[in-house]
Amino acid sequence: MPQTPSLVAMFDSGTINRNLYQSKEEVCSELYFQDNNLLSGSLEALIQHLVPSVDYYPDRTYIFTFLLSSRLFIQPFELMAKVCHVCVEQQRLNDPGTDKSHIRKIAPKILQLLTEWTETFPCDFRDERMMRNLKDTAHHVTHGDEMYRKNVQQIIQNLIRKLAALSQYEELIAKINAQSADRMAILKSKPQSIQRDIISVCSDPYTLAQQLTHIELERLHYIGPEEFVQAFVQKNPLDNNENCFGDKKKTQNLEAYVEWFNRLSYLVATEICMPVKKKHRARIIEFFIDVARECFNIGNFNSLMAIISGMNMSPVSRLKKTWAKVKTAKFDILEHQMDPSSNFYNYRTALRGAAQRSLTAHSSREKVCPNG
């Protein structure tokens, strides 16, 4: 993930209403660089910096950073409209006299920008106004050229597939959440003697850790970068600017991921507390310690943290006689790795090591989420 500069510092909001179509010299004068890194600028200058030309294409890190952070100041459909307008005006795409060779030089770059936008922030295009602006921009670029028309069709088809998969996933999560209460009621109605514990379902810690990792990656896959921005930035109630957060925050996939973490933690605590005999509870605790260790080895730190959180819940941690029967050396090591002191220094070190190991792995067990 590219490094993102300070979101607010990137924009000079006092210049939002200036003329978008300025000379190159004027644009450069409104962009502030330090050590060749772009730090801030007016919204118009930053939009100009986003739009490709025949001899210029923006850095991918800048594209990601600007498309992510600009939504704090302007809604995506408005930004798309401005980008379209700048493309048309700068490259004279509406001018019948424009040289076709010029269009052939600029069209691939504009289409590449649209591709990066649709692939990185597909949720923006759930807004019909975004789709309209996308098609309008593509229409100006293609000028009836069959090759570019096929490229545009491919961009739109890929986008529609992404949005369809996202909708299907969200419907599935909603269905799971709706059914969870009913399943809990059914579980409570069953005699404890016929209830199955986790070990009877999956007795191999590595297999369970692997399946947990597949679930983690599936849920993480559907979280858009914009959800993190929208989740942690709150609108000032005294601010009358409706451009940025007039719409309801769309963070449901991030919230579903947090809910999954909580559900896994409660599952661990429930499984430990269900057995009547201390030796059975101790066996479940040792099983989850092994699962947590396998999660650590795979590189699945989210499930690891959820398991540790479940084992540290009050109903579990107060089972002193049960814990007395458990060999806790492995658990102590895992807790040390997740120690929150020094801003999770141990965890960050382990995470860097896991990422490096994944890149240089020679066996599937060393890779994050190996194929089953």
Side-chain angles (χ1 to χ4, degrees), residues 176-177 179-217 219 256-341 344-347 350-351 354 365 368-370 372:
I176 291 173
N177 291 338
Q179 293 175 344
S180 61
D182 295 335
R183 289 177 178 175
M184 182 59 69
I186 294 171
L187 179 63
K188 287 180 178 180
S189 67
K190 288 184 177 180
Q192 192 170 26
S193 59
I194 66 171
Q195 292 181 11
R196 301 172 67 193
D197 63 25
I198 189 68
I199 296 178
S200 67
V201 176
C202 179
S203 60
D204 179 22
Y206 175 69
T207 300
L208 181 56
Q210 195 179 41
Q211 293 307 308
L212 290 175
T213 306
H214 283 299
I215 294 172
E216 294 278 357
L217 290 181
R219 297 203 171 203
Y257 194 55
V258 173
E259 176 60 28
W260 156 250
F261 178 97
N262 294 334
R263 185 169 292 179
L264 179 55
S265 295
Y266 281 113
L267 171 67
V268 171
T270 301
E271 289 290 333
I272 293 172
C273 293
M274 277 178 58
V276 175
K277 295 183 178 180
K278 291 189 288 291
K279 66 177 182 180
H280 292 162
R281 290 198 294 266
R283 188 166 67 103
I284 297 292
I285 289 175
E286 290 180 342
F287 174 76
F288 275 117
I289 290 174
D290 288 337
V291 173
R293 185 182 62 175
E294 293 295 349
C295 285
F296 179 84
N297 292 337
I298 291 174
N300 179 2
F301 297 105
N302 199 62
S303 290
L304 167 61
M305 184 72 82
I307 292 171
I308 292 176
S309 297
M311 298 174 80
N312 281 325
M313 286 183 178
S314 179
V316 177
S317 62
R318 69 188 181 192
L319 300 173
K320 304 300 183 184
K321 292 181 180 180
T322 298
W323 281 99
K325 295 179 177 292
V326 176
K327 297 177 182 178
T328 59
K330 290 183 287 187
F331 183 65
D332 293 339
I333 293 172
L334 294 172
E335 275 200 309
H336 176 71
Q337 293 293 341
M338 296 295 107
D339 183 0
S341 61
F344 287 91
Y345 174 79
N346 294 339
Y347 163 67
L351 182 60
R365 288 181 70 97
V368 175
C369 194

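Values in this document were obtained by computation on a predicted structure and should not be read as measured data. Sequential numbering from 1 along the given sequence is applied to the chain's residues.
In this structure, NZ in K325 is found 11.0 Å from NE2 in H280, a value given to the nearest 0.5 Å. Taken from OH in Y257 to CG in N262, the straight-line distance is 12.0 Å, to the nearest 0.5 Å. In this structure, the separation between CD1 on I308 and CZ on F296 is 9.5 Å, given to the nearest 0.5 Å. Interatomic distance, E335 CD to I333 CD1, rounded to the nearest 0.5 Å: 11.5 Å. Residue Q211 holds its CD atom at 7.5 Å from OG1 of T207, rounded to the nearest 0.5 Å. Atoms CG and OG, from L304 and S309 in turn, are 9.0 Å apart once rounded to the nearest 0.5 Å.
Looking only at side-chain heavy atoms (C-beta outward), I215 and R219 come within less than 4.5 Å of each other. Between N312 and F331, some side-chain heavy-atom pair lies under the 4.5 Å cut-off. K327 is not listed as a side-chain neighbour of I289, based on a closest heavy-atom distance of 4.5 Å or more. By the 4.5 Å heavy-atom criterion applied to side chains, S265 and M313 are counted as neighbours. Residues Y206 and I298 have side chains in contact (heavy-atom distance under 4.5 Å, counting atoms from C-beta outward). Under the 4.5 Å side-chain criterion, counting only non-hydrogen atoms from C-beta, F288 is in contact with I198. Put simply, the side chain of V291 reaches to within 4.5 Å of the side chain of L212, judged on heavy atoms. Side chains of W323 and M311 form a contact here, defined as non-hydrogen atoms less than 4.5 Å apart.
Taking the side chain to side chain contact (heavy atoms under 4.5 Å, CB included) definition, one finds that R283 meets it with D197, I199, sequence neighbours left out. By the side chain to side chain contact (heavy atoms under 4.5 Å, CB included) test, T322 is found to be paired with K278, R281, A282, I285, L319, residues two or more places apart in sequence or in another chain being considered.
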